[in-house]
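Contents: one structure, followed by commentary.
Chain A is the first sequence line, chain B the second, and so forth, proteins listed ahead of strands; every chain is numbered from 1.
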4 protein chains.
Amino acid sequence: MRTNDAAGRVRAKRLPREVRERQILDAAVEVFSQRGYHAASMDEISEVADISKPMVYAYLGSKEDLFAACIRREATRLMEAIAAGVSEAGDRPDVQLWHGLRAFFGFVGEYRDSWQVLHRQASAQGGPFAQELLDMRRRAISLVAALLMNTSDSEAASLHTDAMAAALVGAGESLADWWLDHPEESAGAVAARLMNLVWMGFGNLVDGQMWQPPR
Amino acid sequence: MRTNDAAGRVRAKRLPREVRERQILDAAVEVFSQRGYHAASMDEISEVADISKPMVYAYLGSKEDLFAACIRREATRLMEAIAAGVSEAGDRPDVQLWHGLRAFFGFVGEYRDSWQVLHRQASAQGGPFAQELLDMRRRAISLVAALLMNTSDSEAASLHTDAMAAALVGAGESLADWWLDHPEESAGAVAARLMNLVWMGFGNLVDGQMWQPPR
Amino acid sequence: MRTNDAAGRVRAKRLPREVRERQILDAAVEVFSQRGYHAASMDEISEVADISKPMVYAYLGSKEDLFAACIRREATRLMEAIAAGVSEAGDRPDVQLWHGLRAFFGFVGEYRDSWQVLHRQASAQGGPFAQELLDMRRRAISLVAALLMNTSDSEAASLHTDAMAAALVGAGESLADWWLDHPEESAGAVAARLMNLVWMGFGNLVDGQMWQPPR
Amino acid sequence: MRTNDAAGRVRAKRLPREVRERQILDAAVEVFSQRGYHAASMDEISEVADISKPMVYAYLGSKEDLFAACIRREATRLMEAIAAGVSEAGDRPDVQLWHGLRAFFGFVGEYRDSWQVLHRQASAQGGPFAQELLDMRRRAISLVAALLMNTSDSEAASLHTDAMAAALVGAGESLADWWLDHPEESAGAVAARLMNLVWMGFGNLVDGQMWQPPR
DNA sequence: CATGAATGAGGATTCATTCAT
DNA sequence: TATGAATGAATCCTCATTCAT
């Protein structure tokens with residue numbers, strides 16, 4: 001069933017709960033990522049979602065609840081994307097890392113807003129959100145990190161993989177920014193740069209040794 | 001001269017402008033870091049600074065101005081700390097890098113609030129603040145790039161110094177950020193982690209090779 | 001449906017937008033006229049309108065917007081009142097002028113607040129408000145000028161119609177303003193004063209000659 | 001004795017009270033006329049007066065006091081200007097009126113700010129100011145009006161001269177505005193227009209009769 | 001289910017006014 | 001006398017949240 005609203009636009013009515021929730025979450029992620037948690041207004045979110053404010057509250061609760069729901073959904077998506085990437089890789093740890101990185105950057109590139117909300121906004125707000133985020137992040141990261149731990153019993157295995165993952169992510173983001181200023185490079189080339197840095201280290205790089213993705 | 005205010009606390013009076021400005025900035029950094037930019041209220045800042053709100057406005061302008069002033073001051077402090085660290089190092093590039101990283105993490109460890117404001121809060125708010133940050137980042141990247149430039153004449157390294165510097169700075173930021181949520185490690189330990197990652201690479205690490213600071 | 005609020009007063013609820021807007025404008029005109037633009041507080045306006053402040057903002061925007069809306073509404077009302085007065089008069093130009101003046105002073109007498117806001121407050125604030133007023137004035141002057149145009153073909157009169165119209169409108173405004181502080185006279189009496197001044201001139205008046213409305 | 005202040009400007013010190021008061025009143029009239037009573041800030045007034053705020057309070061009291069002092073001074077000035085104008089005229093009432101008008105418009109033209117404060121601002125603020133103004137205005141006006149009353153015992157003498165004065169003033173102001181759009185006219189010509197309107201009236205003007213200033 | 005109407009509460013900002021030197 | 005430093009008290013405005021239909 002459909003109706004024309006005051007502005008003449010067509011607004012679908014009585015959609016199933018699932019669809020409505022998706023609409024709202026999509027809108028919320030968009031607005032939260034653009035404005036930040038506090039500056040985002042429930043008014044704007046409901047407008048972008050093309051739904052009335054009371055419905056937003058009915059479906060997803062308070063602003064805090066809504067934000068938490070965004071984090072949960074996006075974190076899950078990210079996790080699944082990485083899991084899919086890793087699982088299609090072979091056995092060699094460097095190749096697994098390579099696939100994990102590619103999956104991760106693929107996600108970040110494709111869902112900028114999601115990543116914004118997850119990385120910037122959630123950690124900027126203290127308390128429950130940061131916690132929620134930390135939990136999710138650790139699960140996701142351990143997916144990629146686990147492969148390193150399985151690889152050997154050496155010292156490396158006892159590294160705090162969490163910390164390394166954080167460093168990796170930061171390096172990747174920063175490199176992505178740098179990429180914006182050097183568009184002549186291909187995506188693969190940039191990814192390879194990062195792989196080189198983290199796999200070979202400067203120590204080897206200065207000796208002219210480079211890591212190569214498998215053919 | 002001192003007086004007891006209504007609440008019985010002692011409040012210094014008629015301080016020179018310079019002193020008041022420092023008080024205010026200190027309070028602002030503390031509050032912004034704990035609450036985030038939007039959730040921080042000028043009321044709380046003025047209370048923490050133990051001064052009335054109108055003085056905050058008289059000395060440092062609007063909330064935006066105040067936030068920008070915080071960012072500028074902390075960014076300057078941080079850059080000076082790093083520059084000092086690097087300059088006291090010897091010639092070997094890895095040692096220079098090591099000192100730079102230690103200075104960086106030392107700063108972050110000592111001034112958690114400063115870093116929290118600089119990195120998390122400033123980047124969560126868009127617009128002019130992000131710009132201030134980008135400037136600082138650019139300076140940091142130049143510093144690192146210059147340092148790496150000296151590393152070797154090898155094609156592989158000198159060719160991509162910029163990209164690697166960007167990646168390293170990003171990794172450092174991100175790791176520092178991660179550290180905020182995992183304060184159990186020492187600054188030196190965290191610095192060593194990053195040093196190992198970028199200097200040795202995972203490739204060596206999984207073979208049990210680690211970088212060691214010179215005795 | 002009606003409810004008693006905390007103070008025990010009866011407050012109508014869920015009125016349509018149109019009605020609320022009128023309530024608000026009425027209250028705003030009253031308060032602006034009594035306190036002046038700056039001294040009037042949005043709090044008082046919303047109280048007088050018997051509505052919460054956020055609704056005032058939702059319906060009519062900022063204080064400036066609200067003031068402008070008041071001016072527009074009252075200016076329109078006034079111009080319509082005068083036009084109606086003039087149009088019901090016969091052909092003789094003096095009689096038309098007389099009816100126009102009577103309508104004008106009738107309006108001022110009946111809607112003191114409106115005039116107070118229009119003339120005193122709006123002109124005391126500079127900028128955009130004065131502009132709105134100038135528009136209204138220009139319309140009023142044109143109306144009078146057209147009327148005087150019909151008066152005669154004599155060179156002396158038709159040549160300077162514009163100037164005389166401007167002077168007449170100014171005199172009317174000023175006299176109305178004066179009347180606000182001397183409410184003891186009737187609207188007709190004030191109108192007659194002005195009619196005598198502009199139609200007969202002091203020269204005749206000192207000779208005891210007066211203009212009389214037709215029986 | 002003189003000192004250079006922070007900005008390097010020279011500020012005279014320890015001036016006699018009289019001079020300081022004039023400085024302050026000049027500044028206050030300027031600022032009140034430009035901003036309006038409420039929008040004018042004591043800060044700006046003290047800056048324009050090139051004196052510190054506490055001095056303003058020491059010399060002329062509260063903002064209300066200061067405003068009242070402005071009104072009093074400017075009203076007195078205006079009164080004296082008109083008195084001087086009238087007293088140099090001869091006996092004929094029309095000539096006296098003519099001189100009075102010329103003196104009045106001379107003052108308004110020369111001291112725009114003073115007139116702004118007196119006419120617009122003082123009457124826009126209710127209460128004590130309006131009263132103060134009315135008193136002053138009535139005294140000043142009666143100067144000009146008295147001549148008409150002395151002229152004859154006719155009906156005209158019992159006119160509310162106050163009301164007529166208000167009309168005159170308004171007509172004059174409006175004509176001055178009109179003049180701005182018709183700069184080809186001389187000052188005398190415009191003054192003569194007004195004299196014609198009020199002395200002859202439209203009734204005579206349409207018959208081609210005009211008033212002429214005496215040679 | 002869906003929404004236009006409504007508000008309590010709180011935050012940024014400014015200003016008249018006064019100390020303490 | 002003269003002033004930089006300081007503040008209590010408003011004022012405008014916005015937002016998360018909820019009725020009543």
Note to self: Could you work out, with side chain to side chain donor-acceptor pair (under 3.5 Å) as the rule, every residue matching D/R112, not counting sequence neighbours?
What the structure shows: none

Item checked: Heavy-atom donor-acceptor pair, C/R14 side-chain to F/dA20 base, under 3.5 Å -> no

Next item on the list: Output all residues satisfying side chain to side chain donor-acceptor pair (under 3.5 Å) with A/Q125, sequence neighbours left out; order by chain, then residue number.
Entry: none

Next item on the list: Sequence neighbours left out, what passes salt bridge (Lys or Arg N to Asp or Glu O under 4.0 Å) with A/E64? Give chain and number order.
Entry: none

Next item on the list: Would you list the pairs meeting salt bridge (Lys or Arg N to Asp or Glu O under 4.0 Å) in which at least one residue belongs to residues 23-34 of chain B, sequence neighbours left out?
Entry: B/D26-B/R73

Notebook entry, point to check: Taking only residues two or more places apart in sequence, or in another chain, which ones meet A/A58 in a side chain to side chain contact (heavy atoms under 4.5 Å, CB included)?
Noted result: A/M55

Notebook entry, point to check: Can you list the residues that meet the salt bridge (Lys or Arg N to Asp or Glu O under 4.0 Å) rule with C/K53, with sequence neighbours excluded?
Noted result: C/D43

Notebook entry, point to check: Please, which pairs that meet ring pair (Phe, Tyr, Trp, His ring centres under 6.0 Å) have at least one residue in residues 14-34 of chain B, sequence neighbours excluded?
Noted result: B/F32-B/Y37, B/F32-B/F67

Next item on the list: Name all pairs fulfilling the salt bridge (Lys or Arg N to Asp or Glu O under 4.0 Å) condition that reach into residues 117-131 of chain C, sequence neighbours left out, sorted by first residue then second.
Entry: C/R120-C/D177, C/R120-C/D181

Next item on the list: Could you list the residues that satisfy side chain to side chain donor-acceptor pair (under 3.5 Å) with C/S123, not counting sequence neighbours?
Entry: none

Note to self: Below 4.0 angstrom, which residues in residues 58-65 of chain A have at least one non-hydrogen atom near DNA chain F?
What the structure shows: A/S62, A/K63

Check: For DNA chain E, what is the dot-bracket line, given that a base pair needs Watson-Crick (N1 to N3, plus N6-O4 or O6-N4) or G-U wobble (N1-O2 and O6-N3) geometry with both distances under 3.5 Å, and | means paired with another strand?
Finding: .||||||||||||||||||||

Next item on the list: Ignoring backbone atoms, test whether A/R20 places a side-chain nitrogen or oxygen under 4.0 Å from the OP1 or OP2 oxygen of E/dC1.
Entry: no

Checklist line | Residue pair B/S114, B/E74: steps toward the side chain to side chain donor-acceptor pair (under 3.5 Å) verdict | finding: CA-CA 6 Å; B/S114 305; B/E74 303 308 326; 2.7 Å; yes

Note to self: So if I take residues 36-44 of chain B and measure heavy-atom distances to DNA chain E, which residues fall below 4.0 Å?
What the structure shows: B/A40, B/S41, B/M42

